[in-house]
J.: 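Please see the structure below; I have some questions.
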There are 2 protein chains.
Amino acid sequence: MSNYLIKDAEELAELFKALSNPHRLKIFVNLARCCRPGQACAPNMRACVGELGNGLELAPSTVSHHLKELRRVGLIHMKRAGQHVECWADPEALARLGDFFNFAGGDVPPQLVAFTTAQQKTKGDQR
Amino acid sequence: MSNYLIKDAEELAELFKALSNPHRLKIFVNLARCCRPGQACAPNMRACVGELGNGLELAPSTVSHHLKELRRVGLIHMKRAGQHVECWADPEALARLGDFFNFAGGDVPPQLVAFTTAQQKTKGDQR
DNA sequence: TAAATAATTCGACATGTTTCGAAATGAAGA
DNA sequence: TCTTCATTTCGAAACATGTCGAATTATTTA
């Protein structure tokens with residue numbers, strides 16, 4: 001894969017990729033349930049790594065791996081608290097993703113203009 | 001995909017996976033730009049396969065492969081029109097995905113309750 | 001200090017994805 | 001019909017992902 005020209009498409013695609021695994025998606029939904037826009041979860045509402053693995057039937061190392069990926073793309077935050085590591089969803093990331101799907105009304109958000117214009121200017125070439 | 005309810009994490013994850021490749025994402029955004037909620041693109045607004053490949057620097061067979069995947073998960077529709085194949089985004093699919101990110105306010109939409117309860121009932125086991 | 005608990009890193013393996021080019025199919029026009 | 005254009009299918013190669021168990025690190029408790 002050598003010719004990804006559009007930075008924003010790549011970034012957005014990474015967010016979707018992080019949610020494209022059912023296990024990671026379940027983990028994220030459970031973390032995001034207690035988040036409100038612009039406000040992170042209170043410390044006592046955060047979940048630890050072992051807790052998030054319950055019900056998933058995955059090895060702890062695999063849960064850790066998935067959390068690392070969610071954190072890498074900025075969907076969650078993690079902070080050590082004693083023996084445990086607290087996890088919580090990034091409320092801004094949620095808002096960003098929600099905004100993405102509002103462009104259906106016709107307005108293309110600024111961050112998406114860049115990677116739509118490339119095709120706009122070639123429209124009609126083949127018909 | 002036969003109806004508009006997101007049944008489980010696996011199905012939702014498939015939608016995200018379809019958007020997790022930058023090329024597929026770009027194709028989808030270009031198709032979705034002209035869609036409004038509950039209203040599909042007019043036939044003269046639809047794009048054909050070759051058109052959608054412009055600017056992506058991908059072999060036609062690869063573009064075809066990506067479109068097939070977007071169609072498989074229900075994000076777009078395709079219809080042959082002469083030599084070309086018209087493509088357009090499914091407006092309901094857009095709405096479904098937009099709804100997903102609204103649960104951040106605290107309300108879990110009905111279709112997501114099913115796959116969050118498994119972890120809710122084990123909360124507290126490890127702390 | 002030693003043991004116990006929680007989480008991460010590492011190495012390995014099976015599986016899945018992305019991509020291409022060649023060949024096949026479908027449709028329109030000379 | 002024969003050719004041309006648009007698209008799809010197929011097979012193969014390169015690369016990425018998901019998973020585990022063993023070993024390691026970090027922290028608390030005995």
Side-chain angles (χ1 to χ4, degrees), chain A residues 1-6 9-10 13-28 31 46-73 75-88 122-127, chain B residues 9-10 13-28 31 46-73 75-88 122-127:
Chain A
M1 201 170 299
S2 57
N3 54 352
Y4 287 150
L5 300 173
I6 314 315
E10 284 183 47
E14 282 219 315
L15 294 184
F16 289 133
K17 191 188 287 184
L19 299 175
S20 74
N21 175 277
H23 292 142
R24 269 199 307 269
L25 179 57
K26 285 181 182 180
I27 290 170
F28 179 71
L31 287 176
R46 296 172 186 169
C48 69
V49 177
E51 216 171 29
L52 290 164
N54 285 337
L56 293 183
E57 298 181 6
L58 289 177
S61 60
T62 304
V63 176
S64 181
H65 169 76
H66 284 320
L67 286 166
K68 191 176 165 187
E69 183 61 17
L70 287 170
R71 185 185 52 184
R72 190 183 67 79
V73 302
L75 285 173
I76 69 167
H77 298 278
M78 301 171 76
K79 183 190 178 188
R80 188 168 267 279
Q83 274 175 303
H84 297 78
V85 172
E86 292 176 340
C87 307
W88 67 100
T122 60
K123 264 207 168 169
D125 281 6
Q126 300 198 15
R127 291 186 94 156
Chain B
E10 279 73 20
E14 282 219 316
L15 293 183
F16 290 132
K17 191 188 288 184
L19 298 175
S20 74
N21 175 277
H23 291 142
R24 270 199 306 270
L25 177 59
K26 194 177 166 191
I27 289 169
F28 178 72
L31 288 175
R46 295 172 187 170
C48 70
V49 177
E51 216 171 30
L52 289 165
N54 285 337
L56 294 183
E57 299 179 9
L58 289 177
S61 60
T62 305
V63 175
S64 179
H65 169 77
H66 284 320
L67 286 165
K68 192 177 166 187
E69 183 60 19
L70 287 170
R71 184 184 53 184
R72 190 183 68 78
V73 301
L75 287 172
I76 68 167
H77 298 280
M78 301 171 78
K79 184 189 179 189
R80 188 168 267 280
Q83 273 176 303
H84 300 259
V85 172
E86 292 176 340
C87 307
W88 67 101
T122 60
K123 264 205 169 168
D125 281 6
Q126 301 198 15
R127 295 184 94 154

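Throughout, protein chains are lettered first and strands after them, A, B, ... in sequence-line order, and every chain is numbered starting at 1.
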J.: From CD of E57(A) over to P of dG21(D), roughly how many Å is that when rounded to an integer?
T.: 13 Å
J.: Taking only nitrogen or oxygen atoms into account, show me every contact under 3.5 Å that the protein makes with nucleotides 14-17 of chain C, one pair per line with its distance.
T.:
unit_1	atom_1	unit_2	atom_2	d
dT17(C)	OP1	K17(B)	NZ	3.1

J.: Taking side-chain contact (heavy atoms from CB on, under 4.5 Å) as the definition, give me every residue that meets it alongside R80(A), ordered by chain and number, with sequence neighbours left out.
T.: V85(A)
J.: Quick one: does L67(B)'s side chain get under 4.5 Å of V63(B)'s, heavy atoms only?
T.: yes
J.: Run the side-chain contact (heavy atoms from CB on, under 4.5 Å) test against H77(A) and tell me which residues pass, sequence neighbours left out.
T.: W88(A), D90(A)
J.: Whole angstroms only, please: what is the CD-P distance between E14(A) and dA16(D)?
T.: 12 Å
J.: Is K26(A) close to L56(A) at the side-chain level, that is, under 4.5 Å between some pair of heavy atoms?
T.: yes
J.: Once you round it to whole Å, what is the distance between P of dC5(D) and CD of E51(B)?
T.: 18 Å
J.: Measure from CG on N54(B) to C1' on dT7(D) and round the result to the nearest Å.
T.: 14 Å
J.: Can you list the residues that meet the side-chain contact (heavy atoms from CB on, under 4.5 Å) rule with T62(B), with sequence neighbours excluded?
T.: L58(B), A59(B), H66(B)
J.: Is any side-chain heavy atom of L31(B) closer than 4.5 Å to a side-chain heavy atom of L75(B)?
T.: no
J.: Please name the pair of heavy atoms, one in P22(B) and one in A13(A), separated by the smallest distance, quoted to 0.1 Å.
T.: N-CB, 3.8 Å
J.: To the nearest Å, give me how far apart CD (E69(A)) and C1' (dA16(D)) are.
T.: 11 Å
J.: Taking the side chain as every heavy atom from C-beta outward, state whether V49(A) and P60(A) have any pair of such atoms under 4.5 Å apart.
T.: no
J.: Just how far, in rounded Å, is C1' of dA26(D) from NE2 of H84(A)?
T.: 13 Å
J.: How would you summarise protein contacts on nucleotides 21-30 of chain C per nucleotide, using B for base, S for sugar-phosphate only and - for none, with heavy-atom distances below 4.0 Å?
T.: BB----SS--
J.: Go through dT19(D), dT7(D), dT9(D) for me and flag the one nearest to the K68(B) side chain.
T.: dT9(D)
J.: Per the salt bridge (Lys or Arg N to Asp or Glu O under 4.0 Å) rule, what does the pair list look like for residues 14-23 of chain A, sequence neighbours excluded?
T.: E14(A)-R72(A)
J.: Nearest whole angstrom, please: distance from the C1' of dT17(D) to the CG of L67(A).
T.: 16 Å
J.: Give the rounded distance in Å between these two atoms: CZ of R71(B) and C1' of dT7(D).
T.: 11 Å
